[in-house]
Amino acid sequence: MKPFLIAAALSLGLCSCSESTPVVQILQTIQPDESCSFGVGDTGIANGSLNLAYRNGYLLGLVVKSNYTSTPIDVNGVPLDPETNIGGSAAAFVDTLKLSYTSTPSIRIPDGEVPYSATINPASDANRLVVNLMTAEAATALRTALSGTATATVRVTLQFTGKFASGGKKFESNEIVYGIDVANGTSFVRTCETGEVPEVPEGPCGSGAGQDGQNPSCQPGPAAPIVGG
């Protein structure tokens, strides 16, 4: 009877199977600076904020690892693949950024698949990519739902898909979830007084105000010219 019981268990899918670790892995989330630069060792950012009154997108830097390598092959002593950790047959080509959304309070935000072109070097944990976590449809849905002082916490799930250079085998990265507190109003930003001028921050990648608390501020204006002698 034991062999029969084992076969029955297998047919019912009662065996425990472990999932393989994704070859391409998103390791870290970092805010890029105004020149769109960031380093692998920079301090990560766990969640952010976005004011749709100033901008539609949310830019995020990602550190991505690839565990994929290829075995060197020589033909008559000549390597088919150059000895380098950049590109080559073991490179991974990203073609799609997959985004999905949930929020509190609940807002109907459509998921999206965005064309994305990037090369992930093999056997490296230092690939750096910059993504926009807000599709046009997601920004429109949130702007419609929010006004005045209303806010929502949006959880964005992101994942890369693509193909390896060698053989064209498809891959999917791990999924990560990033939280954004979203608003759509200027009520918390004070109006500049007489003698002051608004100052707009450069923002990540030079994108301006509205992300992660980088809002316009008021600075002293130029001194008025002296009249008379």
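FYI, side chains are in, hydrogens and waters are out, and symmetry mates aren't considered; it's all heavy atoms of this structure.
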So, using side chain to side chain contact (heavy atoms under 4.5 Å, CB included) as the criterion, who are the partners of [X] when residues are at least two apart?
X      : answer
Glu113 : Thr96, Lys98
Pro198 : Cys192
Thr140 : Thr144
Asn56  : Ala139, Arg143

## Note on the structure
Those residues at least two apart in sequence (or on a different chain) that pass ring pair (Phe, Tyr, Trp, His ring centres under 6.0 Å) with Phe38 are none

Do [X] and [Y] have side-chain heavy atoms sitting under 4.5 Å apart?
X      : Y      : answer
Leu27  : Asp125 : yes
Glu199 : Pro216 : no
Leu99  : Asp111 : no
Val24  : Phe171 : yes

Rounded at 0.5 Å granularity, tell me how far [atom1] in [X] sits from [atom2] in [Y].
X      : Y      : atom1 : atom2 : result
Glu175 : Ser100 : CD    : OG    : 6.5 Å
Leu129 : Ile120 : CG    : CD1   : 5.5 Å
Ile176 : Leu62  : CD1   : CG    : 5.5 Å
Ile109 : Ser103 : CD1   : OG    : 4.5 Å
Ser207 : Arg55  : OG    : CZ    : 3.0 Å
Gln214 : Gln31  : CD    : CD    : 5.5 Å

### Task
Please determine which of Leu52, Ile180, Leu59 meets the side-chain contact (heavy atoms from CB on, under 4.5 Å) test together with Met134.
Ile180

side-chain hydrogen bond (donor to acceptor under 3.5 Å, both in side chains) partners for [X], two or more places apart:
X      : value
Glu196 : Arg190
Tyr178 : Tyr58
Ser106 : none

### Task
Kindly work out whether a path of hydrophobic side-chain contacts (I/L/V/M/F/W/Y, heavy atoms less than 4.5 Å apart) joins Leu133 to Val177.
no

Please set out all donor-acceptor pairs under 3.5 angstrom arising from side-chain atoms of residues 40-50, sequence neighbours excluded.
{"unit_1": "Asp42", "atom_1": "OD2", "unit_2": "Gly39", "atom_2": "N", "d": "2.6"}
{"unit_1": "Ser49", "atom_1": "OG", "unit_2": "Asp212", "atom_2": "N", "d": "3.4"}
{"unit_1": "Ser49", "atom_1": "OG", "unit_2": "Gly213", "atom_2": "N", "d": "3.2"}

What are the two closest non-hydrogen atoms of [X] and [Y], and how far apart are they?
X      : Y      : result
Ala141 : Ile107 : O-CG2, 4.2 Å
Gln211 : Pro204 : NE2-CG, 3.6 Å
Ala53  : Gly185 : CB-N, 3.8 Å

### Query
How far apart are the C-alpha atoms of Leu142 and Tyr101, what are their side-chain angles, what is the distance that settles it, and do they pass the side-chain contact (heavy atoms from CB on, under 4.5 Å) test?
CA-CA 11 Å; Leu142 287 164; Tyr101 306 89; over 6 Å; no

Quick one: does any side-chain atom of [X] pair with a main-chain N or O of [Y] as donor and acceptor, under 3.5 Å?
X      : Y      : result
Asn121 : Ser124 : no
Gln159 : Ser173 : yes
Asn174 : Pro22  : no

### Task
Evaluate side-chain contact (heavy atoms from CB on, under 4.5 Å) for Val182 paired with Leu146, printing each intermediate quantity in order.
CA-CA 9 Å; Val182 181; Leu146 301 174; 3.9 Å; yes

### Task
Begin from the C-alpha positions of Leu158 and Leu97 and carry the test side-chain contact (heavy atoms from CB on, under 4.5 Å) through to its verdict.
CA-CA 7 Å; Leu158 59 145; Leu97 170 65; 4.2 Å; yes

### Stepwise side-chain contact (heavy atoms from CB on, under 4.5 Å) check, Phe164 with Val23
CA-CA 11 Å; Phe164 292 108; Val23 175; 3.9 Å; yes

Report all side-chain donor-acceptor pairs from residues 148-156 shorter than 3.5 Å, counting only partners two or more places apart or in another chain.
{"unit_1": "Thr153", "atom_1": "OG1", "unit_2": "Asp181", "atom_2": "OD1", "d": "3.1"}
{"unit_1": "Arg155", "atom_1": "NE", "unit_2": "Thr102", "atom_2": "OG1", "d": "3.3"}
{"unit_1": "Arg155", "atom_1": "NH2", "unit_2": "Thr104", "atom_2": "OG1", "d": "3.2"}

### Task
Would you list the pairs meeting ring-ring contact (aromatic ring centres under 6.0 Å, His included) in which at least one residue belongs to residues 129-150, sequence neighbours left out?
none

## Note on the structure
Residue pairs passing the ring-ring contact (aromatic ring centres under 6.0 Å, His included) test with at least one member in residues 106-155, sequence neighbours excluded, are Tyr116-Phe160

